[in-house]
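Whatever order the structure lists them in is the order used to number ligands and atoms, beginning at 1.
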Amino acid sequence: MKVLKFGGTSVGSAKSISTVIDILKTEDRSQGSPVVVLSAMSGVTNLLVEMAENAASGKEFTAHLAELEARHFAVVKELLDVQQQNPVFTRLKLYFNQLEDLLQGVLTLRELTAKTRDLILSYGERCSTLLVSRIAMQYFDGCLFVDATEVVKTDSAHGQAKVNMELTGMLIKDLYLANHDKILFVTGFISSNDAGQVTTLGRGGSDYTAAIFGSVLNASSIEIWTDVNGMMTADPRMVKKAFSLPELTYTEAMELSYFGAKVIYPPTMIPAFLKKIPIVIKNTFDTTFEGTVIRHDCKASNLAIKGISSVNRISIINLEGSGMVGKAGFSGRLFSLLAREQINVILITQSSSEHSITFAVQPDDAEKAKALIEQEFELELAARKLEHPVIEEELSILAIVGENMKQTPGMSGKLFHALGRNGVNVRAIAQGSSEYNISVIISGSDLAKALNAVHDAFFSQLNKTLHAFCLGTGNIGKTLFNQLNQHKGFLEENNGIQVKIAGISNTRKMSFDTDGFDLDTWESTLQAKGEQADLAGFVARMKSMNLPNCVFVDNTASPLPIAFYEEIFKSNISVVTCNKIGNSGKYSQYKAFHDAARLHGVDFFYETNVGAGLPIIRTLKDLMGSGDRLQRIEAILSGTISFIFNNFKGDANFHDVVKLAQEKGYTEPDPRDDLRGTDFMRKMLILARDAGYKMEAEDVQIDNILPQASLDAATVEDFYATLKSENAFFDNLKNEAESGNKVLRYIGKLENGKASISLQMVDAEHPFYTMSGSDNIIAFNTDRYKERPMVVKGPGAGAEVTAAGVFADLINVGAN
Ligand code: ADP
Ligand code: ASP
Ligand code: MG
């Protein structure tokens, strides 16, 4: 025979109760009739708690009571034949009257004892089970409503009673024998003590009732029917990428549920484990799901961990003092005190010097525990051998669980890397000696981020999700979104990365979406739903959304975002940018950015600061990182100037070439902004700094290529006129070069810590002799590349290649 338990949502509405009936119809009764254990309708236990507590503090409960009645009556009307309805209404009404009397008593006395509370809560399961058993009678012969207070016997620890298995076993067996041909519909969660007073087995305890019946009756399996696809790798409400586990051992299920995986109540495992009865967690709302099987001999799994669970709200108590050192009895005294007073200790960590003990409790227990300790250790406190206990609140526990952890090194490394990189501060750590679980205590506000980040780190067969917040929707920003949109399938398949754009802002509007913008429609969404743009507000929202694997992407050329970089790094968010202004400002600022990123374990990638998408900075860093030494860098890093000198040959005149460059969109509105070499200088400066030189902008020596008249011209038009009038100046340069079979090149150089940019004439031997279009080129001379330099060459400007460079940086963040 089997035991089937249906949880609150499974009996939460007429529709789901019909589904339960359909599931029961498929049960094979030849091996004995099943036992069906039921929870209260979803939300009912919580509502009863609220009503009881309200009554105790003098607040009305009648509206809630009416709501409760209405919910149950609605099901009667919908699912029971008219002639069957009246007896059920009468029986339910009786329950509600009793409940009302109880609540009235609480209201009058302004007192709610644990005993009364249990009695009040018992009506949730009584009503739901009565209801379902009567509906079932319409479909099955022999249905019996069983009030579990008659068979599940416990001590008097109200709220968390301990079961007397011997007596309970006898009573259940007798009941089953007398009714073996009937389907028993049993109230979960509730029980009674020797005096016949109602007790409860702890919140979520219906699962336990099912396990007790299963164990006593030697069930072939215990099925826990709930509202999700079994036990998942994490709570699916918190981690969207959580997936169902086919199998778990009892220990794994125990550890996961102990640390918050609500899908099954931890004590449930014990009776099932002792009799080796498999527990199968199934989904009432997806009967095609085969279920998660919790059993003894699981197949070897290739998952390093089985799951990540969490306890949302806990408090910790820190105890410190010399009086604890070497005192064998200290922790014994401490924890027996807490046990005696029924304070449940969720987790304990002790420093190896024994100088301090930290333990976690339910928030409601913290003050009481503190007071008890102060009482018990009064003498030690007076003698200053112990400091007063300190409570910390608003914390959460996150635990990774799995039997394979024992054999796999590096598990804690991976856990702490994922937490550290996402700026999650770990307050305390505990590793069970069984090594089935590692638990960390973190700030409650970081829990969702931490769960997702750790899930991404351990289940690498899933795609890692990057959350990008993008500033700037100009050419580069737009192109980046297009590229991401086009390549998302490829990225997921080949890089295991999914990029979600969680925030977009331009100078006018900003908008956010935790699930990531649809990149087909981001523009209209921003337009329609965006709020007034505000840079500080954008950064603040990005921080407060507290998403895992977060990247700030600055696709602007504005100085404004730079002011936020440091703060962003400090929030453990990586920065990817094509904006050169940050790195080419004061050296102290450059250093502050790099230090902050390093300190907080995040990335600062800006490959596109030099040569757009060309791998220049990466190459430099790789050379230096692999122990090579830089001797000299020579480079042409201005696409505009490159274009101009590549075309200034033969019959061409300088004026026309500059004009052409402008027409092709290669220049700034005033071409002198390029020809003065400022942009080129910034790139040389960044390279020099990345090569390890503390250099300021003034230290880069720039040779001017324009005659004074051109520099002095008041307008762009005047400037073009000077190019004509000064034609001879440019022609002389060109002729001189050509007569020596050379070409003119505007070249940046970094050598012996000196950076300069100058116009040079190079011959065919020089790697820069043959150039085309607006190509950039860089030659690295190093100890290893000394005969012939390592050269990187190619298009060094334009939205496509720049966006591609930003894209590559983003993927590199994802890889870390
Ligand atoms: P029931 O009322 O059926 O007993 P519960 O609400 O007690 O259901 O437990 C089911 C819920 O447990 C799910 O809806 C899910 O949100 C939550 N849960 C938490 N952790 C996990 C996990 N690791 N796997 C599956 N569900 C989980
Ligand atoms: N109804 C009880 C609760 O909500 C027991 C259960 O659902 O398992 O805690
Ligand atoms: Mg439950």
Which heavy atom of the protein is the closest neighbour of atom 27 (C) of ligand 1, given with residue, atom name and distance?
P236 CD, 3.7 Å
How close does the nearest protein non-hydrogen atom get to atom 25 (C) of ligand 1, and which residue and atom is it?
G230 O, 3.3 Å
What I want to check is whether the side chains of D456 and N549 have a donor and an acceptor closer together than 3.5 Å.
yes
Ligand 1 versus K5: contacting region, heavy-atom distance under 4.0 Å
side chain
In plain terms, say whether K368 and D365 are close enough for a salt bridge, that is, a side-chain N and a carboxylate O under 4.0 Å apart.
no
Which residue and atom name correspond to the protein heavy atom nearest atom 2 (O) of ligand 1, and how close is it?
G8 N, 3.0 Å
Pairs in or reaching into residues 89-106: which pass salt bridge (charged side-chain N to carboxylate O under 4.0 Å, His left out), with residues at least two apart or in two chains?
E69-K93
Under 3.5 Å, N or O to N or O, is S39 touching ligand 1 that way?
no
Within less than 4.0 angstrom of ligand 1, does A234 place any heavy atom?
yes
Taking only non-hydrogen atoms of G204, do any sit less than 4.0 angstrom from ligand 2?
yes
Just to confirm my output: which protein heavy-atom neighbour is closest to atom 7 (O) of ligand 2, and how far is it?
S39 OG, 3.1 Å
Atom 12 (O) of ligand 1 - nearest protein heavy atom and its distance:
V263 N, 3.5 Å
Tell me whether the count of non-hydrogen atoms from other residues, nucleotides or ligands lying under 6.0 Å of CD in E290 goes above 12.
no
The criterion is side-chain contact (heavy atoms from CB on, under 4.5 Å); which residues satisfy it with A360, sequence neighbours excluded?
I314, I316, I346, L347, I397, I441
Ignoring hydrogens and angles, tell me if any N or O in the side chain of T209 forms a donor-acceptor pair with the backbone of F189 under 3.5 Å.
yes
For N193 and S156, what are the C-alpha separation, side-chain angles and deciding distance, and is it a side-chain hydrogen bond (donor to acceptor under 3.5 Å, both in side chains)?
CA-CA 6 Å; N193 64 10; S156 296; 3.0 Å; yes
Tell me, which protein residue and heavy-atom name are nearest atom 24 (N) of ligand 1, and how many Å apart are they?
M232 N, 2.8 Å
Under 4.0 Å from a heavy atom of R203: give me the atoms of ligand 2 that qualify, with their elements.
3 (C), 4 (O), 9 (O)
At less than 4.0 angstrom from any non-hydrogen atom of V228, what atoms of ligand 1 do you find?
13 (C), 14 (O), 25 (C), 26 (N)
Any N/O pair T45/ligand 2 closer than 3.5 Å:
yes
Spacing of E393 atom CD and R313 atom CZ [to the nearest 0.5 Å]
8.0 Å
Quick check for you: to the nearest 0.5 Å, what is the distance between M51 atom CE and L68 atom CG?
5.5 Å
Given E125, K262, M41, which has its nearest heavy atom closest to atom 2 (C) of ligand 2?
E125
Hey, does the side chain of T284 reach the backbone of D227 with a donor-acceptor pair shorter than 3.5 angstrom?
no
Might you work through the side-chain hydrogen bond (donor to acceptor under 3.5 Å, both in side chains) test for T9 and S42, ending with a clear yes or no?
CA-CA 5 Å; T9 33; S42 55; over 6 Å; no
Measure S206 to ligand 2 on non-hydrogen atoms and call it side chain, backbone, both or neither using the 4.0 Å cut-off.
both
Quick note on ligand 2: atoms under 4.0 Å from a heavy atom of F189 include exactly 2 (C), 5 (C)
Between E223 and K282, is there a side-chain N and carboxylate O pair less than 4.0 Å apart?
no
Taking only heavy atoms of G205 into account, list the atoms of ligand 2 that are under 4.0 Å away from them.
5 (C), 8 (O)
Among all protein non-hydrogen atoms, which one is nearest to atom 5 (P) of ligand 1, and what is the separation to 0.1 Å?
K262 CE, 3.9 Å
Out of L245, D227, I281, I224, whose heavy atom is nearest to atom 11 (C) of ligand 1?
D227
So, does E247 use its side chain to make a donor-acceptor pair with the main chain of K299 at under 3.5 Å?
yes
N/O separation below 3.5 Å, G202 to ligand 2:
no
What's the shortest distance from atom 16 (O) of ligand 1 to any protein heavy atom, and which residue and atom give it?
R237 NE, 2.8 Å
Give the residue and atom name of whichever protein heavy atom lies nearest to atom 3 (O) of ligand 1, and the separation in Å to one decimal.
T226 OG1, 2.7 Å
